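Contents: one structure, followed by commentary.
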Amino acid sequence: MSWSAFFQNGNAAYAAKVSMAGNDLTVLDANGRPQTFWKIDQLVPVQNSRTELVLTQRGQPGRLTLQGNDAIGLRRELEQTSAWRDAKSRNWNTRKVIRLVPLAAAIAAAWFFWPAIASWGAKTLPASAETYIGRQMHTRLTAQQTACTGQPGIDILSRLLGRLAHNSSPLDVMVIDDAATPVSLLLPGRRLILSRKTLGDFASADQFAAALAFNMAQADGRVPLRQIIRTPGKLVSTLVETRGDLTATMRNSLPDQTTRLRTGTTYDDMTSARILADAQIGSAGLAALLREQAEARSAAIPENTGTPSLSNKDWQLLRMICDTGDVQDKS
C-alpha cells in the first residue's frame, strides 16, 4: 500500500509516493524509484491535523506532506505501530519542555528579584492598605488572647508612647496576659503585641523605651509589611489562616523582637536613637539592648543623656499592667 505525498528536500521538490514496511517509510519518486528511507521511530510530526500530515525526520533534512485521504490512511497505519506512538510521546514531551522554558525563566527571575519587588511594593502600598492588613492580622492573632487593661498601667504606657511619637505616629500597643511566652510582634499599620512575659523581661524602663523606639523605627520603614510581602504565601496564610497562634506567627511570618534587634540595620539603630533623643530620653537603654542582641552594632549608638523615660514608681506600675484594674477577656 502506498500514499501520495509531496516531498521537499532543500531546493528539490516533487510529487512522491510513500510506502511503509515494518519500521521504515520509503519515499519513491514519480517513477517508483526509492529516494530515501525514514525510520518511523525518528519521525517528527510537524503538522498532524485530520486532513494534513507533515513529517520530518529527526536530524535529517527533508519534509513530507500528505493531505486528505492519504494523510488519513498513512496516519491510521502509523498509529498501529509502537514506534510511532513512542515517537509522538517523545516529541510531545520535548515540545512541552520547550514551552515551559520561558515560564521557568520568568519564575526564576521573579524569585531572584522578588525581595526588591517586595521592598518596592511595601514603599508604594497605600497606608490604608497597610492599616487594613495590620488590623486583620491583629484581630485574628488576638482573638483568643486576654488583653491587659489595668489602670494606671494603660495611662503610663500611653504617655510614654506619646512622648516617643514626637515626630511620627505613635504605636498601637497591646499587652496580653501571657506570663510564659515571650511575645513581641510588630504588625503592619504600626501595631505591636507584647506579652506580660516580654514586659517583665526588660531590665529597666529605658530599655523598654528603647525597644519601643526600635519598633517605631521599623514601623516607619514598613519593615513588617516588607517581610510578609517578600513571601506571598505567608501574607495569605497570615490574613486567612491565623487563629491566635502568636508563637507560630513569629516563627513563620514575622520575627520576634530578639530576631529583629539582631538582624536590624544601622539605619534602624540610628533612627531609634533619634526617636529617643527627640523624646529627651538617653540612649543607654538602646545600647544595652544591642549589646545583648547585636554587640557589633552597639558601639555605633551615639551617646546622649536625657531624662528618665519613666520614674521608678511608674515603671513598676506599668509592669503590673496585668495585675491591677480590670482585665478584659477577649476569648
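All values reported here derive from a predicted model rather than from experimental measurement. Along the sequence shown, residues carry numbers from 1. What's counted below: heavy atoms across the whole structure, side chains too, no hydrogens, waters or symmetry copies.
Across all non-hydrogen atoms, the minimal contact from P126 to R222 is C-NH2, 3.6 Å.
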Determine, step by step, whether W38 and D24 satisfy the side-chain contact (heavy atoms from CB on, under 4.5 Å) criterion, reporting the C-alpha distance in whole Å, the side-chain angles of both residues, the deciding distance to 0.1 Å, and the verdict.
CA-CA 6 Å; W38 284 7; D24 294 322; over 6 Å; no
Take Q67 and T51, measure what side-chain contact (heavy atoms from CB on, under 4.5 Å) needs, and give me the verdict at the end.
CA-CA 5 Å; Q67 294 182 331; T51 58; over 6 Å; no
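Between the side chains of T266 and D269, no donor-acceptor pair of N or O atoms lies under 3.5 Å. Between the side chains of S158 and R163, no donor-acceptor pair of N or O atoms lies under 3.5 Å. Residues T198 and S195 bring a donor and an acceptor atom of their side chains to less than 3.5 Å of each other.
By the 4.5 Å heavy-atom criterion applied to side chains, L141 and Q145 are not counted as neighbours. In this structure the side chain of I275 never reaches within 4.5 angstrom of the side chain of D278, judged on heavy atoms.
Residue pairs meeting the ring pair (Phe, Tyr, Trp, His ring centres under 6.0 Å) criterion with at least one partner in residues 301-323, sequence neighbours excluded, are F208-W315.
If you take NZ on K197 and CG on L199, they are separated by 11.5 Å, rounding to the nearest 0.5 Å. Note: M320 CE to C148 SG = 12.0 Å, rounded to the nearest 0.5 Å. Atoms CG and CG, on L78 and L53 in that order, are 7.0 Å from each other to the nearest 0.5 Å. To the nearest 0.5 angstrom, T56 atom OG1 is 12.0 Å from Q8 atom CD. Annotation: the span from L225 atom CG to M137 atom CE amounts to 9.5 Å, rounded to 0.5 Å. To the nearest 0.5 Å, the span separating CZ on F37 from CD on Q57 amounts to 11.5 Å.
Within a 6.0 Å sphere centred on OH of Y267, heavy atoms belonging to other residues, nucleotides or ligands number 12 at most. For R319, the CZ atom is densely surrounded, since the number of other residues' heavy atoms within 6.0 Å is greater than 12.
Between V173 and the options L194, N215, I193, L160, a side-chain contact (heavy atoms from CB on, under 4.5 Å) holds for only L194.
One finds no salt bridge joining R159 and D155 here, because no Lys/Arg side-chain nitrogen approaches an Asp/Glu carboxylate oxygen to under 4.0 Å. Remark: D172 engages R191 in a salt bridge, criterion side-chain N to carboxylate O under 4.0 Å.
Within the 3.5 Å criterion, the main-chain N or O of D268 finds a donor-acceptor partner in the side chain of S272.
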